[in-house]
2 protein chains.
Amino acid sequence: MFSLDQLSAFVAVAEELHFGRAAERLNMTQPPLSRQVQKLERAVGARLLERDNRKVELTEAGQAFLTEARRLLALVETAGDLARRVDQGAAGTLRLGFTATSAIRTLGPLLRRLSEELPDVDVILHERVTPGQIDGLLRGELDLGLGRPPFDSDVLDSRIVSREPLCAVVPGNHRLAALGRPLTSADFSGEQVISYSPTQARYFHELTVRFLAESHPRIEQRVQQILTVILLVAAGRGVALVPASARHLGVEGVTYCDLAGPGQAVELHAIWRRDATSPVLQRVLTMLPEHH
Amino acid sequence: MFSLDQLSAFVAVAEELHFGRAAERLNMTQPPLSRQVQKLERAVGARLLERDNRKVELTEAGQAFLTEARRLLALVETAGDLARRVDQGAAGTLRLGFTATSAIRTLGPLLRRLSEELPDVDVILHERVTPGQIDGLLRGELDLGLGRPPFDSDVLDSRIVSREPLCAVVPGNHRLAALGRPLTSADFSGEQVISYSPTQARYFHELTVRFLAESHPRIEQRVQQILTVILLVAAGRGVALVPASARHLGVEGVTYCDLAGPGQAVELHAIWRRDATSPVLQRVLTMLPEHH
DNA sequence: CGTCATTACGGAATGCGTAATGATA
DNA sequence: TATCATTACGCATTCCGTAATGACG
């Protein structure tokens with residue numbers, strides 16, 4: 001088999017049609033150049049250059065081989081590029097899980113930034129509830145998730161990417177809509193409250209239960225999706241607690257009310273495996289907004 | 001820059017995911033294999049294999065590079081093939097000159113054999129009178145010609161590829177058509193004879209003049225092409241001498257008559273430059289029929 | 001303690017450069 | 001005689017294989 005040096009030698013001679021000039025171009029002397037070309041000819045099994053002491057010219061076989069040699073060397077030049085880009089996280093694939101809610105305010109800007117700063121990264125989106133994302137992360141089906149606590153922080157690392165207040169959503173003609181002040185837990189006394197699945201939307205379920213712990217509302221529904229909750233509210237089935245960004249969903253016939261008291265923060269976490277090695281992931285993490 | 005050996009080493013390890021087995025496959029021991037892979041990684045500028053003492057696996061960069069490496073090695077495998085085929089004359093281009101007459105019986109079979117035995121040879125056809133072919137050969141526009149003497153045998157080599165008798169062509173109702181015996185020179189006495197251009201169809205011109213030297217026919221036309229001659233005969237403008245294969249042109253209204261006496265042979269020569277180096281030409285020459 | 005990748009070291013092979021050769025105009 | 005590719009030869013580098021080291025289960 002021939003070597004890449006031999007290819008370079010041949011191409012140089014073929015282009016210069018002169019061993020001396022070709023050797024100069026390759027920063028070497030003629031004799032080794034001669035030998036390299038001879039070796040290449042032996043390896044290929046065909047005479048590539050017709051040469052005597054007066055002229056050098058390509059044979060037809062040499063003409064044909066020159067094309068291949070150039071193609072090969074060009075490929076050598078660029079072969080490492082992709083690998084380097086992948087290594088630096090500038091190319092590759094990111095399998096990103098997200099909850100329907102996170103898509104409202106967080107996912108869009110993130111995707112926009114990704115496509116601007118890492119245009120060679122393909123993002124494959126998977127809409128899943130948080131437990132589904134955690135499952136996917138652990139199985140290696142996802143590289144990064146956008147979800148809510150809780151999760152096993154031994155194997156999963158995370159970072160808060162957004163924090164927003166919780167608010168109430170009530171039918172437009174509801175008495176709570178007319179109060180014109182932040183609602184307290186007590187305001188919900190006796191209200192029909194729509195809440196979340198304790199397993200599939202545990203985070204919102206617990207936020208709701210915690211906020212309303214002192215009053216004793218009737219909790220009937222066990223819904224997974226924020227949007228479903230709001231649609232049920234619009235249908236007059238009750239009131240609910242949702243993250244403030246839900247206001248932007250544009251559902252008609254409902255009113256959003258602030259809640260009284262501090263600390264009703266809804267956190268969205270970026271979650272990934274601690275042992276993840278994906279360069280794309282590492283790179284994406286460096287550009288994630290961090291909220292403390 | 002990396003070497004092809006390094007690529008092979010990397011591909012072997014990437015496929016075996018085990019340095020020991022990969023080394024065995026490459027007929028070498030582990031240590032140099034390790035070093036080759038390390039060198040490759042340094043040359044590429046990215047870690048390609050994630051390895052500790054228990055497992056070996058591809059990084060994402062390595063995954064990307066593996067594709068390139070395979071493509072490159074495949075190209076290396078096949079790079080020499082075309083050159084070898086060209087060298088052996090089994091691929092390439094043959095620029096072939098021919099006279100209209102040679103096409104009748106010789107060109108077709110030749111082209112058929114070429115496409116069967118050398119399917120990767122492209123034949124580019126140039127219909128030219130013999131002087132035009134010789135010009136083309138000398139200028140390097142043609143590789144091989146099918147023409148008639150004379151030509152300069154110092155620079156051009158040749159071989160007779162067919163020999164056929166000369167015959168007379170006369171109008172169907174002509175008195176010579178009714179004789180029913182081979183015609184002699186004397187039979188043409190007083191006939192209107194159509195002959196050939198002394199420069200552009202010198203060979204047939206001289207054949208005609210030589211045969212008819214003793215009689216004294218009236219020679220009026222100066223035609224280049226055999227077909228034109230026959231059409232003129234059909235039109236009643238005279239009689240003419242043509243190669244026997246002209247019978248197969250299928251012109252109506254004419255009769256072909258044998259000529260008396262021996263040696264009225266029409267030779268067709270394959271002609272090429274003595275200094276021609278084209279492997280295709282060499283290969284084609286070996287399969288040309290040779291008539292002595 | 002066994003497995004497996006890596007580092008250490010000695011010897012062989014490859015490759016370059018200088019010098020000599022040969023062939024051509 | 002001048003040019004230019006090739007062969008001859010000495011030296012440096014590269015690369016392999018054996019042996020030793022190190023890390024991990």
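Atom set for the values below is all heavy atoms of this structure, side chains included, hydrogens, waters and symmetry mates excluded. Values in this document were obtained by computation on a predicted structure and should not be read as measured data. All chains are named by letter (A, B, ...) in the order of the sequence lines, taking the proteins before the strands, and each is independently numbered beginning at 1.
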Just the rounded figure in Å: distance from [atom2] of [N] to [atom1] of [X].
X: Glu50(A); N: dT24(C); atom1: CD; atom2: P; value: 13 Å
X: Phe19(B); N: dG22(D); atom1: CZ; atom2: C1'; value: 16 Å
X: Leu17(A); N: dA5(D); atom1: CG; atom2: P; value: 10 Å
X: His18(A); N: dC4(D); atom1: NE2; atom2: C1'; value: 7 Å
X: Glu57(B); N: dA5(C); atom1: CD; atom2: C1'; value: 15 Å
X: Arg51(A); N: dT24(C); atom1: CZ; atom2: P; value: 15 Å

Original post:
Does anything in residues 91-103 of chain A pair up under salt bridge (charged side-chain N to carboxylate O under 4.0 Å, His left out), and if so which pairs, sequence neighbours excluded?
Top reply: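 As it turns out, the salt bridge (charged side-chain N to carboxylate O under 4.0 Å, His left out) pairs with a partner in residues 91-103 of chain A, which skip direct neighbours, are Arg95(A)-Asp143(A).
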
Original post:
For DNA chain D, whose closest nucleotide is more 5', that of Gln38(A) or that of Arg54(A)?
Top reply: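 Residue closer to the 5' terminus by nearest nucleotide: Arg54(A).
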
**OP:** Could you check Leu107(B), Thr106(B), Thr130(B) and say which one makes a side chain to side chain contact (heavy atoms under 4.5 Å, CB included) with Thr99(B)?
**Re:** Thr130(B)

Original post:
Could you run down nucleotides 9-17 of chain D 5' to 3' and tag each one B, S or - for protein heavy-atom contact under 4.0 Å?
Top reply: ------SBB

**OP:** Would you give the length of the straight line joining atom CD of Gln38(B) to atom CZ of Arg47(B), rounded to the nearest 0.5 angstrom?
**Re:**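 Reported to 0.5 Å precision, the distance equals 8.5 Å.
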
Original post:
Heavy-atom distance under 4.5 Å between the side chains of Arg273(A) and Leu281(A), does that happen here?
Top reply: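 A side-chain contact is absent here, since even the closest heavy-atom pair is not under 4.5 Å.
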
**OP:** Record whether the side chain of Asn53(A) comes under 3.5 Å of the base of dA5(D) through a donor-acceptor pair of N or O atoms.
**Re:**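 For Asn53(A), whose side chain was compared with the base of dA5(D), there is no donor-acceptor pair (under 3.5 Å).
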
Subject >> Charged N-O contact under 4.0 Å between Asp135(B) and Arg139(B) >> reply: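 Here Asp135(B) pairs with Arg139(B) in a salt bridge, since their nearest N and O are under 4.0 Å apart.
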
